[in-house]
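Excluded from the calculations below are hydrogen atoms, water molecules and symmetry mates; all remaining heavy atoms, backbone and side chain alike, are included. In what follows, chains are A, B, ... by sequence order, proteins preceding strands, each numbered from 1.
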Amino acid sequence: MTNPATSPSLTDAIDLGLILLDERATVRLWNDWLSKRSGIGPDKAVDQTLVGLFQDQIDPALLDRIADALANGRSHLMSSSLHPPPLPLYHPGTQPRTTRLSQSVIVRPVRHRPGLRHCLIQVTDVSAAVARERALRTQARDCQSKAAHLQAVLDGSLDGVLQLAADGTILSANRAAHRIFGGCMTEGTRIDDWLDRADGRSTTIDIAGAVGQRLERIGRRDTGALFPLEIAITGISHDIPTSFWAVIRDISERKGFEEHLAQKNRTLAQLAERLDRARRQAEISCLQAETANRMKSDFLTTMSHEIRTPLNSILGFAEIIEQRLFGDNPGLYTGYAGYILQSGRYLLDLVNDLLDLAKIEAGRMTIRREPMDVFHLCHACVSLMKGQAADHDVELVDKFTPNLPLLVADERLVRQMVLNLLSNAIKFTGPGGSVTLSAALRGDGGLSIVITDTGIGMSRTEITLALERFGQIENNAIRHLRGSGLGLPLVKALIEVHGGTLVLESEPRRGTRAELRFPPPLPAVVTPGASAP
Amino acid sequence: MMRNLAEISEDVRDAILEIFNVGVGRAASVMSSLGNCDVSLSVPELAIIPRADLMPLIENACSGAVSGIRQGFFGPFAGDSLLIFPERRSLELARSLVPEPDQAEDMTEMEREALLEVGNIVLNACLSSLADLLHVEIDSDVPAFFSGQPTDLTDRMIGFGDCDLLFLRIDFRLGSGAIDGYVVFVLDLRAADALRQAVESILQAMATR
């Protein structure tokens, strides 16, 4: 029989180490695989014990297993995970021999004869498997680490993150998504289930088509509350099938802030407009105040002149009379007394006008309304002004509609208004001109007294100025005609006290029409002959 | 005759239990010497059951897939020894043994090999106890790994026909955790008969004490 330990055999072709020990634990078989990895050939190994071959380089645990197999017939397995490599075996050709092969060792008893056992030791090189597992473990750890990082980012994210299938089914949701949608966002629902269906845009999202876009939608929390949200969808095409991720941001705050900002802008714009209006008003008021101030100064200058002139006249003529400067000439002194009287009356009128205006301004003007005949009043006024008209060579005409109703007004004040207007009209109408006084019933039932002249007329600006209190028209042509500047403002104030209006129509060199428009009587106009209410 | 085995008294059962406890105690010391695992083993339960009762027992104990180590034995009589774990627990045990455990769902090659060695140590220890009990020499085969449903297990034992099973529950205590495993000896007629005789002699010894 061929000695298997010394001649090439099937055992040398096997890709594992085979050692056969006899009942005395001496080597009977040592294959080529072992020779290459231990550096010990079969010629040296056979008839030696393993301790004799390897001394203290062999794991005692392996020796225990061998002893148990030979004595008690137990098979043993020594795994590479639980043991350091038990035999000093190395990769063939590697120098220096420092790192042992990873080994998995099986020790099995072989019944030789009744009561006698041999022991077969099988050594497998598991280096490749160990290296493979180590690499896999490293990869797995890397993956776990990356997954842990990703999970930490997902857990800590303030935005909701959903993993979606192509049909919108939610595969997973992070904490923020649960928080945003109300804490019970069940996985397996579709993203569309969490959007407002009332909003036509929101009912379905084409997930694949929306990759790379940012969509604004109305979200619906589990409480039913709606809120604006922004969705950004990404696709990972490396995954099979492609996986989709949706990052969801609750933009309620942003929208609220935008709305708040818009509201603030609107308020600011309104404020700016009001400020602008106030500024313009202030400018106008300032201008008016400046104008009023200037007119008051002008008025005071005028008034002092207006008062001083008749006073000079009164004092001058009174002194001539008192000292009889022209001897005993009663006719002459009587004429001078007339001048004094005329100047005194003028002064009185001036003071009265001033007092009336002051009263009206202070709101203390009281009027005594009573029915009066306009015809008689106007006739009396015309008679009064005839002399003045003749002095100015102006024709004074009165035209009256017959059967005018009685006017309920303060007669003294109406007379004052008519005389003022007539006096003005005569004053500003040159020689040869005419002044016409008329009264008529208007369509609305109110009475109007109209004074028309053929005088120098006024421009629109001059009309406005003439109606201002203390207003005087600056015009060299009429400087000599200037009055106190109280006539027209006083008339305007008096007619307004009656609830009526003064209408002035004029054009330069085309004359002036002044209309006193009394309001329609309430409750009814009293006709002549009827008793007053 | 076989029924007698099932009817042994509590005292005898305790005595057999003690013998197995000594055996697995030796296994624990071997495992502790491996360095990576601080293990204590004990056999808290022993039952001798007909083969038909194994399936429901395993199903009840493991509830689901099982995995474990199978090691045949032979000599004057032959049979199969099995160490069975609920599949999930076997993974936990394997993970507790290797220095750099993987977190993957499935057991790796190295983890499986480590578990095989643990099974080998435990089953060898139990076989030694059984051999001591029966005063016979029992040689063991190389261990093999298996996993599947409890029914797959009984299918593997189809060659044995109706026979008695020695069923041991073993506590593995690893640090703070505890893992239950189950050791099953499938005994052929001769083995069962030898066990019966051994039990009878224990009974007689106890009676004459």
Side-chain angles (χ1 to χ4, degrees), chain A residues 16 59-65 67-84 86 102-112 114-122 124 126-145 147-148, chain B residues 23 26-27 29-37 39 69 71-76 81 94-132 136-145:
Chain A
L16 46 83
D59 185 352
L62 176 58
L63 298 175
D64 290 347
R65 266 50 167 196
D68 189 48
L70 290 172
N72 302 314
R74 305 281 175 268
S75 288
H76 292 276
L77 179 138
M78 292 179 73
S79 70
S80 59
S81 304
L82 301 182
H83 299 272
S102 293
Q103 301 157 30
S104 169
V105 179
I106 292 170
V107 179
R108 72 166 84 204
V110 180
R111 289 256 179 187
H112 180 55
L116 279 182
R117 292 189 190 86
H118 285 189
C119 169
L120 183 67
I121 303 168
Q122 234 175 273
T124 310
V126 292
S127 303
V130 168
R132 196 167 54 241
E133 276 200 17
R134 198 166 288 153
L136 279 174
R137 262 201 293 275
T138 306
Q139 281 178 7
R141 265 201 303 275
D142 285 353
C143 286
Q144 282 161 10
S145 169
Chain B
R26 281 203 296 269
S29 95
V30 172
M31 283 169 65
S32 296
S33 74
L34 299 178
N36 287 329
C37 44
V39 185
I69 296 95
Q71 194 170 344
F73 58 88
F74 49 91
S81 62
R95 296 270 150 89
S96 71
L97 296 171
V98 297
E100 292 178 78
D102 202 343
Q103 298 302 315
E105 283 289 308
D106 299 323
M107 207 178 283
T108 67
E109 205 175 323
M110 294 298 116
E111 286 167 348
R112 184 175 297 191
E113 200 188 48
L115 198 63
L116 260 181
E117 184 170 350
V118 169
N120 178 225
I121 292 167
V122 172
L123 290 174
N124 274 347
C126 292
L127 279 171
S128 294
S129 298
L130 194 62
D132 291 347
V136 289
E137 284 195 346
I138 302 175
D139 284 14
S140 63
D141 207 346
V142 179
F145 185 84

Exercise. Roughly how far, to the nearest 0.5 Å, is the CZ atom of A/Arg137 from the CE atom of B/Met110?
Worked result: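 CZ of A/Arg137 is found 8.5 Å from CE of B/Met110.
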Problem set entry | Approximate separation, where rounding is to 0.5 Å, of B/Ile69 CD1 and A/Leu77 CG |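 B/Ile69 atom CD1 to A/Leu77 atom CG measures 10.0 Å (nearest 0.5 Å).
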Exercise. Given a strict heavy-atom distance threshold of 4.5 Å, which part of B/Leu123 is in contact with chain A: side chain, backbone, both, or neither?
Worked result: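 Contact with chain A: none, neither part.
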Exercise. Quick one: what part of B/Asn120 sits under 4.5 Å from any heavy atom of chain A, side chain, backbone, both or neither?
Worked result: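 For B/Asn120, the side chain is the part near chain A, not the backbone.
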Indicate the atoms forming the closest heavy-atom contact of [X] with [Y], along with that distance.
X	Y	value
B/Gln71	A/Ser75	NE2-O, 3.8 Å
B/Ala114	A/Ser79	CA-OG, 3.7 Å
B/Glu109	A/Glu133	N-OE2, 2.7 Å
A/Arg65	B/Glu117	NH2-OE2, 3.4 Å

Exercise. Is any side-chain heavy atom of B/Asp141 closer than 4.5 Å to a side-chain heavy atom of A/Arg108?
Worked result: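 A side-chain contact under 4.5 Å exists here.
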Problem set entry | Within-4.5 Å side-chain heavy-atom neighbours: A/Gln122 and B/Val142 |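 Answer no - side chains too far apart.
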For this session: Considering only heavy atoms and a distance below 4.5 Å, find which of B/Ile138, B/Leu116, B/Leu127 pairs most often with chain A.
Result: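 Of B/Ile138, B/Leu116, B/Leu127, B/Ile138 has the most heavy-atom pairs under 4.5 Å with chain A.
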Exercise. Between the side chains of B/Glu113 and A/Ser80, does any donor sit under 3.5 Å from an acceptor?
Worked result: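 A donor-acceptor contact under 3.5 Å links the two side chains.
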